Asks: 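Okay, here's the structure, questions in a sec.
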There are 2 protein chains.
Amino acid sequence: MKRVKQKIFQDYIARQGLKSTRQRDIILDAFLSSDRHLSIEELYLKLRAKHPNIGYATVYRTLKLFAESGIAREIHFGDGQTRYEHVSEGEHHDHLVCTGCGTIIEFENESIEKLQDEVAAAHNFLIKHHKLELYGLCAKCRS
Amino acid sequence: MKRVKQKIFQDYIARQGLKSTRQRDIILDAFLSSDRHLSIEELYLKLRAKHPNIGYATVYRTLKLFAESGIAREIHFGDGQTRYEHVSEGEHHDHLVCTGCGTIIEFENESIEKLQDEVAAAHNFLIKHHKLELYGLCAKCRS
DNA sequence: TTGCATGCAAAAATTTTGCAGAAGT
DNA sequence: ACTTCTGCAAAATTTTTGCATGCAA
């Protein structure tokens, strides 16, 4: 999986005439071996531990590249922190976000997606992508 | 509808021992007679036209009060602009967001909500609220 | 060599906060 | 009188940009 995404990114870089650099490799590695919903700051801090001279701007620019290449996606949970999540080809998932401990659970539901398509069709709307987030308390935080 | 919300807000203000002021009335009026998904800046600019001396901070603080009182809700469409939408008691709706022209269409779908409850139950998760947004092109922008 | 990438700092953009004076209750 | 509000400016956050230098192709 990790190798696959590294390849996708390298191919994207090459195709666009961009360059493969040490920083991009480091950031990609840190991203791929992290929590699937990392905020930019979390990733930056994690990087700083081993690579104190990597700039914040480079992290921002590189994450945008990841999104462009298709291996990551920008997400906003409304807490003022932009996050990036891992994207696997052809896969989509939605989120259960625990407002107690911040845990994020992913799920997929074919029936919901189908109903979404129906709603869109009723409005003659062409869906490109969607976002479904359920906020509340996870099992642990309920007790 | 407008009267109802004004009353809800006034009651909230009174209950909290807060004060009814000219600015709050003006902002509430502008909010209630606006598009249902107004960004803070849009509302601020609209206000400035007639009331040039209202401060940005007051708009921010007042919109937060609207949300606390239950007549408004903060929403983020991921474009870096915080918006507030109108909330009617017991009513919930989701959004079709046109990435072409920015139009926002509201919809409700009981079946989707039911499936969401099932997903939550399967994870022993207690839903407080949710967000469902379908992004794509509206009928007009498709042609 | 050529031109993209990096790191730093400065700039933008958005939201929050402190404070003195103004205004509701 | 008392306390909350307001407007302004300053501060805090988050993200973007400019630029000289570094580095990959």
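Just so we're on the same page: letters track the sequence lines, and every chain starts at 1. Not measured: the values here are computed from a predicted model.
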Asks: Want to settle it: does G17(A) or H76(B) sit nearer the 5' end of DNA chain C, counting the closest nucleotide to each?
Replies: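 By nearest-heavy-atom nucleotide position, the 5'-most residue is G17(A).
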
Asks: Going by the salt bridge (Lys or Arg N to Asp or Glu O under 4.0 Å) test, which pairs reach into residues 132-142 of chain A, not counting sequence neighbours?
Replies: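 Only E133(A)-K131(B) qualify under salt bridge (Lys or Arg N to Asp or Glu O under 4.0 Å).
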
Asks: Take atom CD1 of I54(B) and atom C1' of dC5(D), then tell me their distance rounded to the nearest Å.
Replies: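 Rounded to the whole Å, the gap is 12 Å.
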
Asks: Which residues pass the ring pair (Phe, Tyr, Trp, His ring centres under 6.0 Å) test with H51(B), not counting sequence neighbours?
Replies: none

Asks: Whole angstroms only, please: what is the CZ-P distance between R24(A) and dC23(D)?
Replies: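 Nearest whole value for this atom pair: 15 Å.
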
Asks: Out of Y60(A), Y84(A), F9(A), which residue meets the ring pair (Phe, Tyr, Trp, His ring centres under 6.0 Å) rule with F66(A)?
Replies: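 Going through Y60(A), Y84(A), F9(A) one by one, the ring pair (Phe, Tyr, Trp, His ring centres under 6.0 Å) with F66(A) is satisfied by F9(A) alone.
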
Asks: What residue pairs, at least two apart or across chains, pass salt bridge (Lys or Arg N to Asp or Glu O under 4.0 Å) with a residue in residues 48-72 of chain A?
Replies: K64(A)-E74(A)

Asks: Could you tell me which residues satisfy salt bridge (Lys or Arg N to Asp or Glu O under 4.0 Å) with E106(A), sequence neighbours excluded, listed by chain and number?
Replies: R36(A)

Asks: Mind checking what makes salt bridge (Lys or Arg N to Asp or Glu O under 4.0 Å) contact with D25(A), not counting sequence neighbours?
Replies: none

Asks: How would nucleotides 18-25 of chain C be written as a contact map, 5' to 3', with B for base contact, S for sugar-phosphate-only contact and - for no contact, using protein heavy atoms under 4.0 Å?
Replies: B----BBS

Asks: Members other than F125(B) in its cluster, when Ile, Leu, Val, Met, Phe, Trp, Tyr link by side-chain heavy atoms under 4.5 Å?
Replies: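 Members alongside F125(B): L96(A), I105(A), F107(A), I112(A), L115(A), V119(A), F125(A), I127(A), L132(A), L134(A), L96(B), I105(B), F107(B), I112(B), L115(B), V119(B), I127(B), L132(B), L134(B).
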
Asks: Under 3.5 Å, is there a donor-acceptor pair between the H92(B) and H130(B) side chains?
Replies: yes

Asks: Between the two ends of the helix from dT1(C)-dA25(D) to dT25(C)-dA1(D), what is the bend in degrees, rounded to 10 degrees, where each end axis spans five pairs?
Replies: 30°

Asks: Measure OH/Y56(A) against P/dT15(D) and give the value in whole Å, please.
Replies: 7 Å

Asks: Find the distance N53(A):CG to dG22(D):C1' and express it as a whole number of Å.
Replies: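 In whole Å, dG22(D) C1' and N53(A) CG are 13 Å from each other.
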
Asks: What integer distance in Å separates L43(B):CG from dT15(C):P?
Replies: 13 Å

Asks: Using the test ring pair (Phe, Tyr, Trp, His ring centres under 6.0 Å), find all partners of H37(A) that sit at least two apart in sequence or belong to another chain.
Replies: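 For H37(A) the ring pair (Phe, Tyr, Trp, His ring centres under 6.0 Å) partners, ignoring immediate neighbours, are H95(A).
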
Asks: What is the distance from CG of L63(B) to P of dT16(C), rounded to the nearest Å?
Replies: 11 Å

Asks: Report yes if some heavy atom in the side chain of R24(A) is under 4.5 Å from a heavy atom in the side chain of L18(A); otherwise report no.
Replies: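 Answer yes - side chains close enough.
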
Asks: Hey, can you pull the residues of residues 25-33 of chain A with a non-hydrogen atom under 4.0 angstrom from DNA chain C?
Replies: none

Asks: Find the distance Y12(A):OH to dC4(C):P and express it as a whole number of Å.
Replies: 14 Å

Asks: Give every pair of a protein N or O atom and an N or O atom of nucleotides 10-14 of chain D that lie under 3.5 Å apart, one pair per line with the distance.
Replies:
none

Asks: Find the distance L65(A):CG to dT16(D):C1' and express it as a whole number of Å.
Replies: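 Taking CG of L65(A) and C1' of dT16(D), I get 15 Å after rounding.
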
Asks: According to salt bridge (Lys or Arg N to Asp or Glu O under 4.0 Å), does anything in residues 8-17 of chain A pair up with another residue at least two apart or in another chain? List the pairs.
Replies: K7(A)-D11(A)

Asks: Is any side-chain heavy atom of L32(A) less than 4.5 Å from a side-chain heavy atom of K5(A)?
Replies: yes

Asks: Taking S34(A) as the fixed residue, which of E42(A), K46(A), H86(A) is the one that meets the side chain to side chain donor-acceptor pair (under 3.5 Å) rule?
Replies: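 By the side chain to side chain donor-acceptor pair (under 3.5 Å) criterion, S34(A) pairs with just one of E42(A), K46(A), H86(A): K46(A).
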
Asks: Side chain of S39(A), backbone of T82(A): donor and acceptor closer than 3.5 Å?
Replies: no

Asks: I want to check one thing: is the phosphate of dT16(D), taken as OP1 and OP2, less than 4.0 Å away from some side-chain N or O of K64(A)?
Replies: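 Indeed, a polar side-chain atom of K64(A) lies that close.
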
